[in-house]
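Chain letters run A, B, ... following the sequence lines, proteins first and then strands; every chain starts at 1.
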2 protein chains.
Amino acid sequence: MNERAKASRVSTKDIAHKALREMIIKGELEPGQPIAEEELAKELQISRTPLREALQILELEGLVNRSLNGRMNVAPISIQEVKEIFVIRSNLEGIVVEDAIDNITQKDIDHLTHLIKLLKMAISLEDYETIDRFGKQFHEYIYTVSGNKMAVKFLYQLNSMINRYRRLAHKSIGDTKQSVKEHKMILHYIIQKDKINAVEEMKKHILGSLNQAIKTVEKYEHTQF
Amino acid sequence: MNERAKASRVSTKDIAHKALREMIIKGELEPGQPIAEEELAKELQISRTPLREALQILELEGLVNRSLNGRMNVAPISIQEVKEIFVIRSNLEGIVVEDAIDNITQKDIDHLTHLIKLLKMAISLEDYETIDRFGKQFHEYIYTVSGNKMAVKFLYQLNSMINRYRRLAHKSIGDTKQSVKEHKMILHYIIQKDKINAVEEMKKHILGSLNQAIKTVEKYEHTQF
DNA sequence: TTTAAAATAATTGTATACAATTATAAAGTT
DNA sequence: AACTTTATAATTGTATACAATTATTTTAAA
C-alpha cells in the first residue's frame, strides 16, 4: 500500500461552501442580496450541482435563506437574531467548560495559560487580528478538552453566524483588557475545578460581548421578510 | 391573479428527506447500516440528485454520517451522544421558557392549562402515544410563544435525534404521572413570571427523562468508528 | 391609461451522463 | 502461502440536459 496518508480529497462542494461562507462573512455578498445559481456557478467556475449542495449547507447554517418560490438570498442581519445567538452560545460554552473540567490535564492548563500570555502580548501591540485569533483559540481549546462533540458541532454552527457580526465589531483596548481578565477568571475556576463559577463566568464573558455586538449591528440592520 | 393560495410545492428532495428521517427514527434503516445512493434512489424511485440533497440534510441533522471516503451510513446510537443531546436540550428549553415568560398572554396560559388536562386524561387511559403527543405539544407551544427562532431551530434539529431514542423508550405510568406534575410546576412558574424557577424546573424536567432514555439505549448501543 | 390575459424569458428542480475515486478481484512475484 | 501489483468493478462527485415552475414582458380589452 502507499506510504503517505491519503490526502482526503476536497470536493468542489466544500470549496464552494467555504468560499461562499467567507464571502458572506466578509460582506462581499451583502445581506438580503438575491442569489442566482447559474450566475454564481459561472462566477465560481463550477456547475450548479455542487453549488446547490454548498448553498444548502449555508442555508442550514443560517447564512442564506430560501423563500417559498425557491429563490435564495443572503440572510439579513438583525439585532433580534444576534441576541438569540449569543444567549444560545453562552449556554453552549457553559456546557462545554463544565465538561472540560472533568477531563482537563496539567498539559491543557499549561496551554491555556500560554494562550492568555500570548493574548496579553497581542493586546500590548494593539494587534486586533491576533487578539481575536488567540481569543478564539482559547475557546476552541476548551471545546476540544470537553469532548462534547454535539455541543461543539452546534458551537461551530453558531460561529458561522457570529463571525459575520464579529467582523463588523472593532473592539477598544479597554474591551480587550476586560476580556483578558475574564479569560483569566475562567481559567482560574477551571483549575479549581469549580464548575458552578466557571460556567457562570463563561456565560458572563460571552454575554459581555453581546452588547458590543449589538451596537455595531444597529446601523447595518436589514429588515427580514 | 389567482385567488387560492399558492400551494407551496413540495420537492422530491423534501419528500425523500422526511421519508428517510422517518425510516431512520423507526429503525427501518438500522444504526450503522451503509447507504448506497444508487440503490436507495431506485428504492425511492427518484434520481440521485434530490436524494443526495436529502442525505446531506440528514447528515447535518446528525442522522447519517459520511466517512472520509464519501460513503455514508446511518448514524450509530451511543449513550455519550444521548447525554450530550439532553443536556443541550435542557439548556435550550430553559432559554425558551425564559423568553416565553416575556410574551405570554392569558390565552396562552389557558391553552397550556388545557393541554395539561388532556395529558392527565391520556394518562388515565394509559394511552402512551397520546401522552407523548400532548407532552410534545406542551413544549412546542412554549417554543412558539418564546418567539426565539434560533433556539427553536436548534431544538427541532435536536428533536430529530431525540425521536430516535424516544421511540425505543416505553415509559411507566409512574414516569408519566411524575411528568405531568413537572409540567404543572413549569406552568405555575410561568404564570408567576418567575423566570429563575421556570428555567430551573424545565431543565430538571428534561434531564429527568435522560436517565430513562439512557436505560433504554444501553442495549441498542453501537460502537462509533 | 389601467387591468387582464397570453406569450416569452429566466430560474429552479430533477434526471441522466460522464469523470474521478475507491473498493474488490485477479494475476503475478517472492 | 503471503504480499504486491495490476486490472476490473462498484460508487461517489460533477457536469450537462431537460422538465417544471416562476417572473417578466407583450398584447389585448375595457
Side-chain angles (χ1 to χ4, degrees), chain A residues 1-21 23-24 29-30 32-75 225, chain B residues 1-21 23-24 29-30 32-75 225:
Chain A
M1 203 180 64
N2 206 327
E3 197 71 11
R4 66 189 167 76
K6 230 175 293 181
S8 72
R9 201 168 68 83
V10 262
S11 60
T12 308
K13 172 189 79 177
D14 287 340
I15 294 170
H17 168 228
K18 283 177 188 163
L20 290 171
R21 186 175 56 189
M23 286 165 78
I24 293 172
L29 293 175
E30 285 181 20
Q33 180 179 329
I35 293 171
E37 292 179 3
E38 191 74 47
E39 183 189 334
L40 193 54
K42 211 184 299 177
E43 194 177 320
L44 298 175
Q45 310 213 43
I46 61 176
S47 79
R48 277 179 57 220
T49 310
L51 173 62
R52 279 175 61 86
E53 293 186 353
L55 285 171
Q56 184 173 263
I57 298 174
L58 293 169
E59 184 191 359
L60 296 169
E61 284 179 349
L63 293 181
V64 308
N65 290 141
R66 183 191 306 267
S67 51
L68 290 321
N69 57 16
R71 305 287 202 277
M72 302 193 92
N73 59 291
V74 179
F225 53 93
Chain B
M1 203 180 61
N2 204 325
E3 198 70 13
R4 65 189 169 76
K6 228 175 295 178
S8 72
R9 200 167 68 81
V10 262
S11 60
T12 308
K13 172 188 78 177
D14 287 340
I15 295 170
H17 168 227
K18 283 175 188 163
L20 290 171
R21 187 174 55 189
M23 287 166 77
I24 292 171
L29 292 176
E30 286 181 20
Q33 181 179 330
I35 293 171
E37 292 178 4
E38 191 74 47
E39 183 189 335
L40 194 53
K42 212 184 297 177
E43 193 177 321
L44 298 175
Q45 312 214 43
I46 61 177
S47 79
R48 277 178 57 218
T49 311
L51 173 63
R52 278 175 63 86
E53 293 186 352
L55 285 172
Q56 183 173 264
I57 299 173
L58 293 169
E59 184 191 359
L60 295 168
E61 284 179 349
L63 293 181
V64 308
N65 292 141
R66 182 191 307 268
S67 51
L68 290 320
N69 57 16
R71 305 287 202 277
M72 302 192 93
N73 59 293
V74 179
F225 52 93

Inset, instruction - Describe, as an angle rounded to 10 degrees, how the axis at the first end of the helix from C/dT1-D/dA30 to C/dT30-D/dA1 is tilted relative to the axis at the last end, five pairs per end. - result: 0°
Inset, instruction - Would you check if the side chain of A/Ser67 reaches a backbone N or O of A/Gly70 as a donor-acceptor pair within less than 3.5 Å? - result: no
Legend entry - Member of B/Arg66, B/Arg52, B/Lys42 meeting the salt bridge (charged side-chain N to carboxylate O under 4.0 Å, His left out) criterion with B/Glu37: B/Arg52
Inset, instruction - Look at the side-chain N and O atoms of B/Thr12 and state whether any lies under 4.0 Å from the OP1 or OP2 oxygen of C/dT14. - result: yes
Legend entry - Whole-Å gap separating P (D/dT14) and CD (A/Glu53): 7 Å
Inset, instruction - For the pair A/Gln33 (side chain) and A/Glu30 (backbone), establish whether a donor and an acceptor sit closer than 3.5 Å, ignoring hydrogens and angles. - result: yes
Inset, instruction - Report the distance from atom CZ of A/Arg21 to atom CG of A/Leu63, rounding to the nearest 0.5 Å. - result: 8.0 Å
Legend entry - Interatomic distance where NE2 belongs to A/His17 and C1' belongs to D/dG13 [whole Å]: 17 Å
Inset, instruction - Kindly point out which of C/dG13, D/dA15, C/dA23 is positioned nearest to the side chain of B/Arg71? - result: C/dA23
Inset, instruction - Select base, sugar-phosphate, or nothing to describe what B/Leu55 touches, counting heavy atoms under 4.0 Å on all strands. - result: nothing
Inset, instruction - Could you check how far CG of B/Leu44 sits from P of C/dA15, rounded to whole Å? - result: 11 Å
Inset, instruction - Output yes when at least one side-chain N/O atom of A/Thr49 is less than 4.0 Å from OP1 or OP2 of D/dT14, else no. - result: no
Legend entry - Integer-rounded Å distance: D/dT14 P and A/Lys42 NZ: 21 Å
Legend entry - Minimum-distance nucleotide (side-chain atoms of A/Arg48 versus D/dT11, D/dT14, C/dT12): C/dT12
Inset, instruction - Using whole Å, report how far CZ of A/Arg66 lies from C1' of C/dG13. - result: 10 Å
Legend entry - Closest to side chain of A/Asn69, choosing from C/dT22, D/dT22, C/dG13: D/dT22
Legend entry - Donor-acceptor side-chain pairing of A/Glu53 and A/His17 below 3.5 angstrom: no
Inset, instruction - Starting at atom CE of A/Met72, determine the distance to atom C1' of D/dA23, rounded to an integer number of angstrom. - result: 18 Å
Inset, instruction - State the CD1-CD1 distance between B/Ile46 and B/Ile15, to the nearest 0.5 angstrom. - result: 8.5 Å
Legend entry - Nearest-Å distance for atom pair CG/P, residues A/Asn73 and C/dT11: 15 Å
Inset, instruction - Please tell me which of A/Ile46 and B/Glu37 maps to the more 5' nucleotide of DNA chain D, matching each residue to the nucleotide holding its nearest heavy atom. - result: B/Glu37
Inset, instruction - Specify the separation, in whole Å, of atom NZ of A/Lys13 and atom C1' of C/dA20. - result: 16 Å
Legend entry - Minimum-distance nucleotide to B/Glu38 side chain [options: C/dT12, D/dT12, D/dA15]: D/dT12
Inset, instruction - Decide yes or no for A/Thr12 and A/Leu44: does some side-chain heavy atom of the first lie under 4.5 Å from some side-chain heavy atom of the second? - result: no
Inset, instruction - Under 4.0 Å between any heavy atoms, over every strand shown, what does A/Leu51 touch: base, sugar-phosphate, or nothing? Just pick one. - result: nothing
